[in-house]
Each structure stands twice: as structure tokens, then as C-alpha cells.
Amino acid sequence: MTVIDLGVPSLGPAEPAPTSGPLVDTFGRIATDLRVSLTDRCNLRCTYCMPAEGLDWLPGEQLLRPDELTRLLRIAVTRLGVTSVRFTGGEPLVAKHLEDVVAATAALRPRPEIMLTTNGIGLDKRAAKLARAGLDRINVSLDTVDAARFAHITRRDRLHDVLAGLEAAKAAGLSPVKVNAVLDPITGLDDAVALLRFCLDHGYQLRIIEQMPLDAGHAWTRGETIAADDVLAALRRHFELRPDAAPRGSAPAQLWEVDGGRGKVGIIASVSHAFCSACDRTRLTADGQVRNCLFARQETDLRTLIRAGADDDALEAAWRAAMWAKAAGHGINDPGFVQPDRPMSAIGG
């Protein structure tokens, strides 16, 4: 993606980052959406994410402590203009301090919107507590509603747990409950149809996400993934789809109205129809690194700054500098694209 594609001039990295105002990059994009990874650990072993034996998890001392994380959240909201916070993993329900962090975020003023992306295992026991702590909305990862396929994709027989978590989230008022699906290259088009029927029947909103080159084994190849256009073609054989009338804005999903208003489905075409020009995200990993893009090759270490005694001004300046250096686009479609060293489970969704 070029500067011309973005439609805005670049101020150039030689210019210093602003010291106040919104969290902006040199292309004029403003980051208001913070993605926070709470852990790199996960209780599933999805084939497109990590090997069957799992990964070497980050040592506990390298993870941000709750007080360190809360401090960075306060800086993001009160100094940098972040208006929405999404907690991710790995699997964020593995983090025992999740409810406390959600409550601390809800206490910030101005209060940000607070969201969670989870695989849903254990959510049936925690959805109500999370809602009371201040969680507003939730996305649950579910790639198929077929039990055998689910066990194959995740290497765990836990579909019943995910379905129970979805029901609990809806009962707790975490609406709209969204379902995130990454489709299997072989069965995925059939799964997409079944997932949309399931979501329409239960009042959930489906989001189908193109598989991205973020697997731990670096085995991703474009030809072995399902593109957004193929998903739409498959869904149109079973449903009437009409573009959603509401402006998309910076949302990653292109929304489609299903069967004249029965529900909506979103397609996130991160690879085939990149939306980098409207990106409003900044990312914080579980070990305190700022990433200005999901596919960034560099990180800014806030954890070391905190533990060295840096004040809030220094942390704010480092965060601003990190975002100022954001590239025009993720570069997946460029000939020289290099996959980031960290897999998705260590970056955060």
C-alpha cells in the first residue's frame, strides 16, 4: 500500500512526533482503539496458530504486573485519547486478574468502551462477573459448529464449552455477542454457511476473518486459505446479502445485511482487501511492548522503561514515537513481505 492509496500526505518520519493531542501517525491516522494482550498462553492448539505441543510461554517475570498494566491503560486513555480497549491473548480467560483489570479500566475517566476476544472456554462461569466488572461486549472465536471439525481444528474436544460460553455471554447482556471465525481451507465454505445459520438462530453476529500469516510455524501460504470473495459467493448461494447501509468507518469488517434484515454478517478481508488506510489501532503485548501494527517488525519496550523508573511523560513520549513510525500498510501483498517473528498468540488479536 502506498501513500497515494491512503489518500493523505505523509508528514515524514523525520518530523518529530507530536507531544500532545491524539495518538497520530505520519499519515494522519489516529489510533483510538487499544488491543491489550493479557497472556500468550492458550488452552487450545488451533492448527493455524500454534503446533500441537504448544509454544514456549513467556516467563512470568516478563509479563506486565497488574499495576503496570493499569498504569499504561490510564496513560492510553487519559493522555493519548484511546476510547476503546479490547483485551485479548493468547486466551485472556487464562489470566486470573482479568476481572480486576476490566474493573480498573471501567473506572477510568473518560470511560472507554471495554471489549474482550476469547475462545469461550470457561466463559460460562465468568461472563456475569465480567459484565459486573464493566465489560461491554465480547467476541468468541468459533470456526465451526461441527464437533468433529472443531476437535480437528483446535486439537481439543471443547465445542460444548464454547457454546455454553456464548449462551452465558448473551444472558449476561454482553451484546451484541459476536462470533469470530477463521475458516479451515478444506471444510471452511460449508462451515461458513452453517455458522451463519447458527448465529442467525441464536442472535449472534458472525465475523469471518481471512487467515493471516501469523502462525507460529510460518507455514501460511495464500493458495491454501479462503479469500473473502469466495466466502461471499458461498454465502450468497444460501442467503440474500445486501451491503449494510451504515458507514463502515474504521471497522475492520465489511457488514452485509442477511435475508432482508434477519441479521448481519461481517467479512474481515485483511489480506485480499486490506483496510490499512482506515486503521485506528495500537497494540500492547502481554510483556509490555507497543506494536503499531499487527505485522510490525519492531516493538517499543514500555515494560523496561517502567521498571527503570520512567515517569508518565516518558512513557507517553515513547508510545507516541512508536505510533508515529507506523508504516502505510501491513505489506502482506508486497513481494518483500516478511512475517513477524511473533505469532498471533504472542501479539494479541
Side-chain angles (χ1 to χ4, degrees), residues 17 22-27 29-42 49 58 62-64 68-77 79-92 95 98 101-102 105 112-118 139 141 180 209 212-216 250-253 268 270 274-306 315-332 338-349:
L23 189 55
V24 66
D25 64 33
T26 61
F27 299 98
R29 294 168 297 190
I30 296 173
T32 58
D33 181 348
L34 171 60
R35 304 298 172 103
V36 180
S37 174
L38 296 177
T39 178
D40 61 328
R41 296 172 184 264
C42 189
C49 186
L58 288 166
Q62 291 186 17
L63 301 178
L64 287 173
E68 294 171 332
L69 175 56
T70 300
R71 181 182 176 191
L72 292 176
L73 286 166
R74 176 179 53 78
I75 290 171
V77 170
R79 287 175 170 244
L80 299 175
V82 163
T83 59
S84 64
V85 177
R86 179 177 294 277
F87 294 108
T88 69
E91 172 44 51
L98 174 58
V101 173
V102 169
T105 307
E113 185 179 23
I114 306 171
M115 296 157 285
L116 178 74
T117 296
T118 170
N139 289 50
S141 299
N180 289 354
I209 307 169
M212 294 176 282
L214 289 167
D215 58 305
S250 61
I268 301 178
S270 306
F275 41 85
C276 301
S277 62
C279 182
D280 64 349
R281 298 181 185 180
T282 182
R283 298 175 181 275
L284 183 65
T285 66
D287 56 345
Q289 312 298 306
V290 168
R291 296 179 66 89
N292 58 28
C293 174
L294 189 58
F295 294 92
R297 301 284 300 169
Q298 292 82 34
E299 300 176 331
T300 297
D301 186 355
L302 298 188
R303 184 198 66 218
T304 295
L305 285 175
I306 288 178
L315 293 169
E316 176 186 355
W319 203 325
R320 288 185 181 279
M323 294 307 298
W324 188 246
K326 184 172 182 173
H330 55 47
I332 293 176
V338 178
Q339 182 174 335
D341 294 331
R342 291 214 208 202
M344 176 67 93
S345 60
I347 295 172

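For clarity, every value in this text was computed on a predicted model and none was experimentally measured. Heavy-atom basis, side chains included; hydrogens, waters and symmetry copies ignored.
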*At what distance, to the nearest 0.5 angstrom, does CG of N139 lie from CG of L116?*
8.5 Å
*asked:* Test of understanding: with side-chain hydrogen bond (donor to acceptor under 3.5 Å, both in side chains), list the residues that count as partners of Q298, not counting sequence neighbours.
replied: none
*For D40 and L58, which heavy atoms make the closest approach, and how far apart are they?*
OD2-N, 2.9 Å
*Heavy atoms, side chains only, cut-off 4.5 Å: are T88 and L38 in contact?*
no
*Roughly how far, to the nearest 0.5 Å, is CG of L23 from CD1 of I30?*
9.0 Å
*Will you find, in the side chains of E91 and T39, an N or O donor that is under 3.5 Å from an N or O acceptor?*
no
*Between N292 (side chain) and A322 (backbone), is there a donor-acceptor pair under 3.5 Å?*
yes
*asked:* For the backbone of L34 and the side chain of R281, can you confirm whether one donor and one acceptor N or O come within less than 3.5 Å of each other?
replied: no
_Nearest non-hydrogen partners of W319 and A76, listed with the distance_ = CH2-CB, 3.8 Å
*Is a donor on one side and an acceptor on the other found under 3.5 Å between the side chain of S37 and the backbone of G89?*
yes
*asked:* Once salt bridge (Lys or Arg N to Asp or Glu O under 4.0 Å) is applied, what residue pairs with a partner in residues 285-296 remain, sequence neighbours excluded?
replied: D287-R342, R291-E299
_Nearest non-hydrogen partners of L305 and A318, listed with the distance_ = CD1-CB, 3.7 Å
*Whether D25 side chain and M323 backbone form a donor-acceptor pair below 3.5 Å*: no
*asked:* What's the separation between atom CZ in R86 and atom CG in D33, rounded to the nearest 0.5 Å?
replied: 7.5 Å
*Measure the CZ-SG distance between R283 and C293 for me, rounded to the nearest 0.5 Å.*
7.5 Å
